[in-house]
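From a predicted model like this one, the values you see are computed outputs, not experimental measurements.
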Amino acid sequence: MGISANNLQSFQPYHPGELVKEELQCRNIKQKDFAEKFELSYTALNEILNAKRPITTEFALLLEVALGINANLLVRMQTDYNIQVARNNDSLLE
């Protein structure tokens with residue numbers, strides 16, 4: 001039985017923070033400046049952008065206003081990321 005294109009999974013899950021990080025870089029916005037402007041913890045922002053912390057719905061809405069990135073897209077990306085990570089979790093497979 002062959003592999004269906006509909007069943008393919010990304011080799012490495014893509015965290016929505018990576019998208020936001022690339023967007024900030026393309027716009028030449030420093031993480032520190034962005035955090036200060038929106039009264040965010042620089043550490044928390046950095047952890048999100050480096051896929052160490054999830055994007056919350058509230059943060060997705062802030063990004064929608066600040067950068068014009070659709071909040072629904074970011075939340076769906078986070079959900080997809082969570083599912084892919086869970087599927088690769090060996091302890092869940094047992």
Side-chain angles (χ1 to χ4, degrees):
M1 180 183 286
I3 296 176
S4 168
N6 293 336
N7 294 330
L8 295 177
Q9 294 295 321
S10 173
F11 176 73
Q12 182 175 359
Y14 188 71
H15 189 278
E18 296 174 80
L19 172 78
V20 176
K21 185 176 184 177
E22 290 174 11
E23 190 64 31
L24 290 175
Q25 289 172 343
C26 287
R27 296 180 189 204
N28 294 317
I29 300 172
K30 294 180 182 177
Q31 292 179 29
K32 183 178 178 182
D33 294 341
F34 187 82
E36 287 177 2
K37 182 175 181 178
F38 292 98
E39 299 177 355
L40 302 169
S41 159
Y42 172 76
T43 302
L45 175 64
N46 187 266
E47 288 177 354
I48 290 170
L49 300 182
N50 289 303
K52 296 179 181 175
R53 185 183 283 208
I55 284 188
T56 63
T57 305
E58 292 80 11
F59 187 64
L61 289 169
L62 180 138
L63 291 170
E64 183 174 70
V65 171
L67 300 173
I69 302 172
N70 186 288
N72 291 331
L73 170 70
L74 294 171
V75 171
R76 284 193 309 269
M77 284 179 72
Q78 183 66 56
T79 300
D80 290 343
Y81 176 85
N82 294 346
I83 289 171
Q84 288 181 27
V85 168
R87 281 188 175 141
N88 292 325
N89 185 341
D90 291 335
S91 65
L92 288 176
L93 296 175
E94 294 176 4

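Residues Val85 and Val75 do not share a hydrophobic cluster, defined by chaining ILVMFWY side chains whose heavy atoms lie under 4.5 Å apart. Two different hydrophobic clusters hold Ile83 and Leu19 under the rule that ILVMFWY side chains link at heavy-atom gaps under 4.5 Å.
Using a 3.5 Å distance cut-off with no hydrogens or angles, the side chains of Asn88 and Gln84 do not pair a donor with an acceptor.
No donor-acceptor pair closer than 3.5 Å links the side chain of Glu47 to the backbone N or O of Arg53. Asn46 contributes no side-chain N or O that, together with a main-chain N or O of Tyr42, makes up a donor-acceptor pair within less than 3.5 Å. Panel note: side chain Asn50, backbone Lys52; no donor-acceptor pair is recorded below 3.5 Å.
Side-chain contact between His15 and Met77 is absent, with no heavy atoms from C-beta onward closer than 4.5 Å. In this structure, Val20 and Ile48 have side chains that are not in contact, with every pair of non-hydrogen atoms separated by 4.5 Å or more. Considering only heavy atoms from C-beta on, Leu63 comes within 4.5 Å of Phe34 through its side chain. Residues Phe59 and Leu40 form a side-chain contact, since some pair of their non-hydrogen atoms from C-beta on lies under 4.5 Å apart. Within the 4.5 Å cutoff, the side chain of Leu67 has heavy atoms near those of the Arg27 side chain. With contacts defined as side-chain heavy-atom distances shorter than 4.5 Å, the pair Gln31/Lys21 qualifies. The shortest distance between side-chain heavy atoms of Leu49 and Glu18 does not fall below 4.5 Å.
A distance of 9.5 Å separates CD in Gln78 from CG in Asp80, rounded to the nearest 0.5 Å. In this structure, the separation between CD on Glu64 and CG on Asn70 is 5.5 Å, given to the nearest 0.5 Å. Atom OG1 of residue Thr57 and atom CG of residue Leu62 lie 12.5 Å apart, to the nearest 0.5 angstrom.
The two residues Tyr81 and Tyr14 come nearest to each other via the heavy atoms CD1-C, 3.7 Å.
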